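Just below is one structure, and these are the notes that go with it.
One-based numbering, in listed order, for ligands and for the atoms of each. All figures in this text were calculated on a predicted structure; none of them were measured in a lab.
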Amino acid sequence: MPNKTEELRQAIIDGDEETTRRLSEEILAEGSDPLKTIEECVYPAVAVVGERFEKGEYFLTELMLSAEAMKVAVDIFTRKMSSEGKSSAINKRGTVLLGTVKGDVHEIGKNLVATMMKVNGFDIYDAGKDLSPTEFLEKADQVNADIIGLSALMTNTMLRQRETITYIHEKRGGKYKIIVGGAPTTQGWAEEIGADGWAPDAPSAVALVKNLQEKSSSH
Ligand code: B1M
């Protein structure tokens, strides 16, 4: 008999939103760690769905159904993480503006990064997706951000990270620390485009912003 973790993974792959919701809630009620469950259920499901789409076994409809199911699971688990992390928000560590670059609507990973930073005591402004360099800068000025985080999920849109960094540097010099992330990006890419840091996943993104804030407060 498959266990609930396996069933949840399969429900996401099948794009079965209702079963995903039910199993996610049951797994949480049984006391499982939300981040560990995301890592064990959602990530492997994402890998399968992405692979099927790449091979032409899944079309956009299936991709979208699975994406909805992924969102439901991630929302349920991150809500739990946020409620558990309330106490750590007392000492604010800094303000981070996050968004996905122009031409890119992928937001599930960015939302996860936002939640993990929030539960670790950062003030997070999630500016959304499909954001132009001007929009990033306007929002960063508005919220008086310390750090700007640019997410990109596609090889063509990662180029927008470079454009955004160049634009912000032109307009504000080094006022904002800028970090980048997203599946196609690498440490090498971040260095090439002049970013202040790169993280492969949400927990490393938290470590990265903590490190950047510690460095800037020691100056
Ligand atoms: Co799209 N999609 N998609 N998609 N999609 C990918 C990315 C793709 C790899 C699938 C594939 O072909 N195998 C492919 C990109 C190929 C490429 O360029 N290399 C692709 C494509 C081609 C497309 C469309 C063009 C399809 C089409 O229309 N023909 C289209 C593009 C639309 C657009 O953006 N203009 C499209 C659309 C969609 C949906 C809308 C259906 C949906 C997104 C729904 C949503 O976000 N609301 C979707 C999905 C779900 C995927 C896959 C299956 C999953 C992405 C995801 O949510 N992962 C994806 C395949 C895959 O990844 N294997 C795929 C889960 C998430 C938790 O991980 O986002 O990597 P991830 O985030 C991680 C890290 O990357 C990191 O931390 C996160 C948490 O650990 N991270 C950061 C992310 N941002 C960070 C920022 C940081 C630091 C770390 O600091 C700032």
Sub-4.0 Å protein heavy atom near [atom]:
| atom | value |
| --- | --- |
| atom 59 (C) of ligand 1 | no |
| atom 36 (C) of ligand 1 | yes |
| atom 14 (C) of ligand 1 | no |
| atom 39 (C) of ligand 1 | no |
| atom 89 (C) of ligand 1 | yes |
| atom 32 (C) of ligand 1 | yes |

Query - Heavy-atom closest contact (L153 atom, D104 atom, distance) - result: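 Between these two residues, the closest heavy atoms are N-OD2, 2.8 Å.
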
Report summary line: Smallest heavy-atom separation, A140 atom then I148 atom, equals CB-CD1, 3.6 Å

Report task. Could you check E6 against Q10 for side-chain hydrogen bond (donor to acceptor under 3.5 Å, both in side chains), going step by step and ending with a plain yes or no? Result -> CA-CA 6 Å; E6 283 165 23; Q10 194 56 48; over 6 Å; no

Protein contact to [atom] [nearest heavy atom, distance to 0.1 Å]:
| atom | value |
| --- | --- |
| atom 57 (O) of ligand 1 | I108 CB, 3.4 Å |
| atom 29 (N) of ligand 1 | F53 CZ, 4.2 Å |
| atom 52 (C) of ligand 1 | L63 CD1, 4.5 Å |
| atom 9 (C) of ligand 1 | L153 O, 4.8 Å |
| atom 84 (N) of ligand 1 | S151 OG, 2.8 Å |

Which bit of [X] gets closer than 4.0 Å to ligand 1, counting heavy atoms only: side chain, backbone, both or neither?
| X | value |
| --- | --- |
| V46 | both |
| P200 | backbone |
| N156 | neither |
| V105 | both |
| Y43 | side chain |

Closer than 4.0 Å to some heavy atom of [X] - which atoms of ligand 1 meet that?
| X | value |
| --- | --- |
| A202 | 77 (O), 79 (C), 80 (O) |
| D201 | 76 (C), 77 (O), 80 (O) |
| L150 | 91 (C) |
| L60 | 26 (C), 27 (C), 28 (O) |
| L112 | 79 (C) |
| D104 | 34 (O) |
| M64 | 41 (C) |
| I179 | 90 (O), 91 (C) |

Between [X] and ligand 1, is there a nitrogen or oxygen pair with a distance under 3.5 Å?
| X | answer |
| --- | --- |
| A183 | yes |
| A199 | no |
| H106 | yes |
| T155 | yes |

Salt bridge flag under 4.0 Å for residues [X] and [Y]:
| X | Y | answer |
| --- | --- | --- |
| E163 | R160 | yes |
| E25 | R21 | no |
| R52 | E62 | no |

Heavy-atom nearest option to [atom], drawn from [options]:
| atom | options | result |
| --- | --- | --- |
| atom 81 (N) of ligand 1 | G50, G182, G109 | G182 |
| atom 45 (C) of ligand 1 | E54, E107, M70 | E107 |
| atom 86 (C) of ligand 1 | G149, A67, A190, G181 | G181 |
| atom 23 (C) of ligand 1 | K110, M154, M117, E68 | M154 |

Query - Pair N144, Y125: side-chain N/O donor-acceptor within cut-off below 3.5 Å - result: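 No, no side-chain donor-acceptor contact under 3.5 Å.
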
Report task. May I ask you to check whether Q142 and E138 show a side-chain donor-acceptor distance below 3.5 Å? Result ->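 No donor-acceptor contact under 3.5 Å links the two side chains.
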
Query - Test log, rule side-chain contact (heavy atoms from CB on, under 4.5 Å), inputs T100 and V105 - result: CA-CA 7 Å; T100 307; V105 302; over 6 Å; no

Please check: side-chain N/O of [X] versus main-chain N/O of [Y], any donor-acceptor pairing under 3.5 Å?
| X | Y | result |
| --- | --- | --- |
| T186 | W189 | yes |
| Y58 | I13 | yes |
| D196 | I179 | no |
| E107 | K129 | no |
| D130 | G103 | yes |
| E57 | E51 | no |

Query raised in the report: When you look at NZ of K175, are more than 12 heavy atoms from neighbouring residues, nucleotides or ligands closer to it than 6.0 Å?
Result: yes

Query raised in the report: Going by heavy atoms in the side chains, are I76 and K80 under 4.5 Å from each other?
Result: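 Side chain of I76 against side chain of K80, heavy atoms only: no contact under 4.5 Å found.
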
